[in-house]
Amino acid sequence: MAEEKELRYDPAAIEPKWQERWAADPALYAAEPDAHGKPKYYVLEMLPYPSGQLHMGHVRNYSIGDALARHMWMRGYNVLHPMGWDAFGLPAENAALKNNTPPREWTLSNIAAMKRQMQRLGLGYDWATEVTTCLPEYYRWNQWFFLRMYERGLAYRKKSKVNWCPQCATVLANEQVIDGRCWRHEDQIVEQRDLVQWFFRITAYAQELLDGLDKLDGWPEKVRTMQRNWIGRSEGTEVDFSVEGRSEKIRVFTTRVDTIFGATSVQLAPEHPLVAALAVEDAALCAQVDQLIAEQKAARETGDIGGIEKHGVPTRAFAINPYNGEKVPVWIANYILADYGTGAIMSVPAHDERDFEFATKYGILIRRVIAPADPAAEEPVLPFVSEDGILINSGAYNGLTCEAAQKKLQEVAAAGGFGEAKVTFRIKDWGVSRQRYWGTPIPMIHCERDGLVPVPDDQLPVVLPPQIEITQQGGSPLSRVPDFVNVICPRCGGAALRETDTMDTFVDSSWYFYRYTDAKNASAPFDSRRAGYWFPIDQYIGGVEHAILHLIYSRFWTKVMRDLGLIVNDEPATRLFTQGMVIKDGAKMSKSKGNVVSPDDMVARYGADATRMYALFAAPPDRDLDWQEDGVAGVSRFLGRVWRLVTKYAAAAQAGRGAEAVAQGAAAQQLQRKLHQTIAKITLDFEGRWHFNTCVAAIMELVNEMQGADAQLAAGEVSVPVLYELLRNLILLLAPFAPFIAAELWEELGEKSAILRAPWPVSNPALAKEDEIEIPVQVNGKLVTVVRVSAEADTKTIESTALSDEKVQSRAAGKTVAKVIVVPRKLVNLVVK
RNA sequence: GCGGAAGUGGUGAAAUGGCAAACACACCAGCCUUAGGAGCUGGCGCCGCGAGGCUUGCGGGUUCAAGUCCCGCCUUCCGCACCA
C-alpha cells in the first residue's frame, strides 16, 4: 500500500520537507562578494509593503525573479537575491486606531506572516541580508542621508502650497497625486494647503535624470517615456515686460519668442505676485481674482485642469514689449499656472490655440507674425501653430526663419538685459515631510537662538517613541509626545524643540537595495566595496505602477550617493522588467470586487510548485494575467505526470549515471532530440526573451513525448544512459519553475547535493538537429501538400521532390510554372500561370 | 488632444516574413476502477454530409509569401494633458 501511495504526486507531502531543509541551510541562497572570478548577478524584486498577506501580484513578481535567480545559480553565477520590507506607512497607524495594536507590533507580525508565505512558496532569498525599513538600524541611515543632503543644500525647508489628503491627514508629494486625488484614496480629492515643509532638491538633477534615460536601454521604453514626460524639459526664453507706471516687471516664459511681435496681451496666473499688488488698488478686481483662484482650485481638485472653461479679467495695467515698445493689456486668467515657468505668459493668439481661444472670447487683437515657409502655400487658417515658417510683421526680424529668429531674439534680450534663454522643467522638488507617526523622524531641531540645528551624527538614530497615542487629529502625533519634542539644542545647550515631521516612505525604498549588500553594517549605510561589487542591479523586476514614483526617486538617490562618494554607478539598475497585472474575470483583483484569490489557498490546494508554475505559464510575464483556477489544476496534473514518469524509471535509470548517452534506434533518438531542443529553447529564453509561458509549454511537450514513448521505455528500447540523461535533464529544466518537485525527484534519482548547485544543462546542437523535415509546398501561396526530405537536402532535391508530388502536379497541370521559390528547411512555393 | 501598448478559437495563449491556432483550460465521445479535485485514448477555429472553401479588428499596399512589414481607419487598455 505504502509503495503505491508513493506513486501519487502529493505536494503537501514533499513541500514542507524541503521548506525545512532549505530553512536549515542558510548557505544555500547566501551571497558574498566573490574573488574567485565567478561572475556576479544581482536579481531584485521590488520589496513589498507588509500588509500581512501576499497577493497574486507578489506571487507572480517573485516567481519570475526566483526562476531567474535559480537559473543563474545553476549557470554558475554568484547570485544576490534578497528580500525586505517597505515597513513604514499609514496602514500601520490605521490598524493601530482600529485594533489598538502598536504599529511596530502590527508591522512585525505581518512581516513574520508574509515571510512564512514566501518560504511556503519556496522562494530562494538570502534572509541574512533581509532589510526592514521601520527598524532604527535601517532608518538611522535615512537620517544620516538627510543630514548629508542638508549640508549640501539638497534638503531644505520652505513654505509652499502642498497637497493635503484629509484621510491620510498628511501632505503628499506631487508624484502621489493622481488626477487630483490621493494615490491611496481614490475617492479623496487632494486639498491645497500652505505649510512649511521639507524638500529634496531633485530638480538639481533634472537634466541628468533626463539624459540618463537615453542610456537605460535595458528599461522598458514605456517607463522611460513616462519619466521623460514627468521631468518635462522645455527650452525657451524668459523676457521681461516692464509695466507702465510701475517699478515691477513681468517676466514671461515662452518657447516661441519668435512670435513675440504677435503678443497682444500678457496673462498672469491668479496667484502671481503682481496680481496681489494690482488687486490692492482695485476692490472689484480683487473679488474677480478670488473667483479665478476658486475656479482653478476646483479644476485642480477634480483633476480636470485641462477642461477648465477659460476665464480672464482685464486689469488697468499695460505691459511694454521690450522689442518694439508696444503697449499691451495685462490680463489675469484662470488657466495660467503660478507654479510653472514664471507664472506669466505673453499671449500670441495668431499662433497658439489657447491664446486664440482666449482672444476670440474677449475680443483681444489677433496679429499674424509667421508666414508659411513655402511662399506658394495658401493663407493659413488661424491659429497657425507651426515652427516651420518665416517672420512677418516683426520689424527688423522679418524674413528670418522661426529657428533663426529665436536665436537672434535671445541674443538681443541678453545684450539688452531684459531676458535670456531658459530651460524649464515640469518636475518639482520632492516634498518629503509627512505629519505622521510611522515614518523616519526628520533629524532636525528648532532652537529659538540658533534656528534650525541638525542632529549631530553621533546622536543618531532619532528613535521613534514606542508608546504613543495614535489619533486622527491634525499635526504629527509626535508633536504630542513631550519627551520626544523637548530636547537640548546641540549648539547652545538651551531648550529646543525637535522636528516632528517624518519622512515620506518613498525615502525608505529609494536606497534599500544598497543596504542588502551590507545589511548589518552599524557604522555606515553600507560598505562601498561591497556595493561596488554588486552594483548595478543586473535585473530589477516589479510593477509598472512604480514607473515614476519609486523609480525616479531611486535614480535621484543613486546620483546623490554617487556625489557623496559612496558608489561609482550612475544608475541603480541596468535592466528593468515590469510585469503585467494579475486580474480575475477581466478586472484587477480587489476586495471590493470580491475577486481576490489567496496564494495560501492555491498552495494548500495545488501546492507551491503548481501555483508558481501557473503564474508563469498563463501569460507572458509582461502581459496581464487572467487567473483561472482550472489552469492551476491543469499545471498540478502536469506535475503529477512528471512525478509518475520519473518515479517509475528513476531507480532503473541510475545505472546510467556517468555513461555516455548514445541513442540507438528511432525512439531513443527522437527523445534525445526533443530533449536537446527543449534545453536550447529554455536556455535562450532565460537569456532575454523571457517567454516563460512557452518554456513551461516546452517542458510539457517533452514530457508528453516521453509519456508517449512509455511502451518503448518500459520495453528497454531506450538505453539506460539515455534514459538517465532524459530524466536528469527534465528535472534540471524544471528546477527554476517548480523547485520543490525538482528537489524531490533529484533525490529520487540518487543525487545527494543540492540541485541548485548542479550545472544547467547544455544543448548539443548535433543531437538537437532533425534528420528529416517536412517542407510545406505552396502553389501561388496556397498550401497544397507537405513533402518529407532530409534535413540537409539542397535546393535542387527539395524542388524535384516537390515537383514530382502528385497533388502538386495536378495543381500545376496545364499551367506554366513561372517561378519556383525554394527556401531550404522552410518551404517551396510554385508560381504558376 | 499628445504619447505608448494591444486586438488571433468557447477561454488563457503560440507562431526569427515561410504549414495560423503549439501548450493548456473548458467541452464532447469512449476506456479504466484503488471512485480520485485521479488516470488513459480520441475529438475539438468557422461553413459544409462531403469534396472543398473560409479564417488573425476593418480597408488598402509591399512581397513568390503578411498575424508578423508599410499607409489609413476602428476599438480597448495605460500614461500625460491649458506646462506657455
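Just so it is clear, the values below take in all heavy atoms, side chains as well, and ignore hydrogens, waters and symmetry mates. Proteins get letters first, then strands, A, B, ... in listed order; numbering begins at 1 in each. This one's a predicted model, so the numbers in the text were calculated from it and none came from an experiment.
Only the P atoms considered, B:G67 is 30 Å distant from B:C78, to the nearest whole Å. Between B:A15 and B:C69, the distance separating the two P atoms is 14 Å to the nearest Å. Taking the C1' atoms as reference points, B:C44 lies 8 Å from B:C27, given to the whole Å. On the P atoms, B:U68 is 14 Å away from B:G61, given to the nearest whole Å. For the P atom pair drawn from B:G3 and B:G48, the interatomic distance equals 46 Å after rounding to whole Å. Here the separation of B:A14 from B:G59, taken at their P atoms, is 25 Å to the nearest Å. A gap of 15 Å separates the C1' atoms of B:G43 and B:G10, to the nearest Å. Separation of the C1' atoms belonging to B:U8 and B:C54 is 15 Å when rounded to the nearest angstrom.
A:Gln628 has its CD atom 10 Å from the P atom of B:A26, to the nearest Å. One atom, CG of A:Asn334, and another, C1' of B:A84, lie 15 Å apart when rounded to the nearest Å. Rounded to an integer number of Å, the gap from CG of A:Leu625 to C1' of B:A24 is 13 Å. Taking atom CG on A:Leu783 and atom P on B:A15, their separation rounds to 21 Å, with Å as the unit. Regarding A:Asp622, its CG atom lies at a distance of 18 Å from the P atom of B:G4, rounded to whole Å. A:Tyr614 places its OH atom 9 Å from the P atom of B:A13, with the value rounded to the nearest Å. A straight line from CE of A:Met226 to P of B:A5 spans 14 Å, rounded to a whole angstrom. Rounding to whole angstrom units, CD1 of residue A:Ile552 and P of B:C80 are separated by 12 Å.
Considering only side-chain atoms of A:Gln778, the nucleotide from B:C25, B:C40, B:C19 that sits closest is B:C19. Considering only side-chain atoms of A:Asp630, the nucleotide from B:A14, B:A84, B:C25 that sits closest is B:C25. In this structure, of B:U11, B:G18, B:G39, it is B:G18 that holds the atom nearest to the side chain of A:Ile821. Minimum atom distance to the side chain of A:Arg354 is reached by B:C83, of the listed B:A15, B:C83, B:G39. Side-chain proximity of A:Ala697 to B:A22, B:C19, B:C40: nearest is B:A22. For A:Arg689, the side-chain atoms get nearest to B:A15 when compared with the rest of B:G79, B:A15, B:C23. For A:Thr694, whose side chain is taken as the heavy atoms from C-beta onward, the closest listed nucleotide among B:A13, B:A15, B:G37 is B:A15. Each of B:C23, B:A84, B:G12 was ranked by its minimum atom distance to the side chain of A:Asp626; first place goes to B:G12. Taking every side-chain heavy atom of A:Arg644 into account, B:G39 is the closest of B:G39, B:C83, B:G37. In this structure, the nucleotide among B:A81, B:G12, B:A15 sitting nearest to the side chain of A:Arg426 is B:A81.
Of the charged side-chain nitrogens involved, none lies within less than 4.0 Å of a carboxylate oxygen, so that A:Glu420 and A:Lys422 do not count as a salt-bridged pair. Between A:Arg228 and A:Glu221, at least one side-chain N (NZ, or NE/NH1/NH2) sits under 4.0 Å from a carboxylate O, which counts as a salt bridge. Between A:Arg825 and A:Glu770 there is no salt bridge, since none of the side-chain N atoms of the basic residue sits less than 4.0 Å from a carboxylate O of the acidic one.
Taking the six-membered ring where the residue is Trp, A:His546 and A:His550 present perpendicular rings, their angle passing 60° and hence far from 30°. Ring-plane geometry between A:Trp331 and A:Tyr362 is classed as tilted, the angle between the planes lying from 30 to 60 degrees on a 0 to 90 degree scale. Using cut-offs of 30° and 60° on the angle between ring planes, the pair A:Tyr9 and A:Trp643 is tilted. Using a 30° and 60° split on the angle between ring planes, A:Phe418 and A:Tyr323 fall in the perpendicular class, above 60°.
Taking 4.0 angstrom as the limit, A:His691 places a side-chain polar atom (N or O) nearer than this to OP1 or OP2 of B:A15. Residue A:Gln227 has no polar side-chain atom (N or O) positioned under 4.0 Å from OP1 or OP2 of B:G79. Of the side-chain N and O atoms in A:Arg637, one or more sit less than 4.0 angstrom from OP1 or OP2 of B:A26. Dashed line: the shortest gap from a side-chain N or O of A:Arg251 to OP1 or OP2 of B:A84 is not under 4.0 Å. Phosphate contact (OP1/OP2 of B:C54, side-chain N/O of A:Lys782, threshold under 4.0 Å): present. For the OP1/OP2 pair of B:A84 and a distance below 4.0 Å, the side-chain nitrogens and oxygens of A:Ser347 include no atom meeting the criterion. The side chain of A:Asn693 places no N or O atom within less than 4.0 Å of a non-bridging phosphate oxygen (OP1 or OP2) of B:G12.
Among the atoms of the strands shown, only primed sugar atoms or phosphate atoms (P, OP1, OP2) are found under 4.0 Å from some heavy atom of A:Gly634. Nucleic acid contact for A:Glu774: base, since at least one base atom lies under 4.0 Å from a heavy atom of the residue. Contacts of A:Ala633 with the nucleic acid, taken as non-hydrogen atoms under 4.0 Å apart, are absent. Counting non-hydrogen atoms under 4.0 angstrom, A:Asp355 reaches nothing in the nucleic acid. Counting any heavy atom pair closer than 4.0 Å across all strands shown, A:Glu238 reaches no nucleic acid atom. The residue A:Leu830 sits apart from the nucleic acid: no heavy atom pair falls under 4.0 Å. Base engagement by A:Phe617 is indicated by at least one non-hydrogen atom pair under 4.0 Å involving a base atom.
Sorted by first then second residue, the side chain to side chain donor-acceptor pair (under 3.5 Å) pairs that include residues 610-620 of chain A, not counting sequence neighbours, are A:Asp66-A:Arg612.
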Legend entry - Pairing pattern in dot-bracket form [Watson-Crick, G-U; both distances under 3.5 Å; | = partner strand] for RNA chain B: (((((((..(((.....[....))).(((((.......))))).(((....)))..(((((..]....))))))))))))....

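Toward the 5' end of RNA chain B, the nearer of the two residues A:Asn829 and A:Asn704, judged by each one's closest nucleotide, is A:Asn704. Where A:Ile548 and A:Val831 each meet RNA chain B at their nearest nucleotide, the meeting point lying more 5' is that of A:Val831.
Nucleotide B:G9 is shown with a syn base, its glycosidic torsion being within 90° of 0.
Residues A:Phe686 and A:Phe737 bring their aromatic ring centres within 6.0 Å.
Side chain of A:Asp355 to backbone of A:Val348: a donor-acceptor contact under 3.5 angstrom is found. Judged purely by atom type and a 3.5 angstrom limit, A:Asp685 has no side-chain atom pairing as donor or acceptor with the backbone of A:Cys695.
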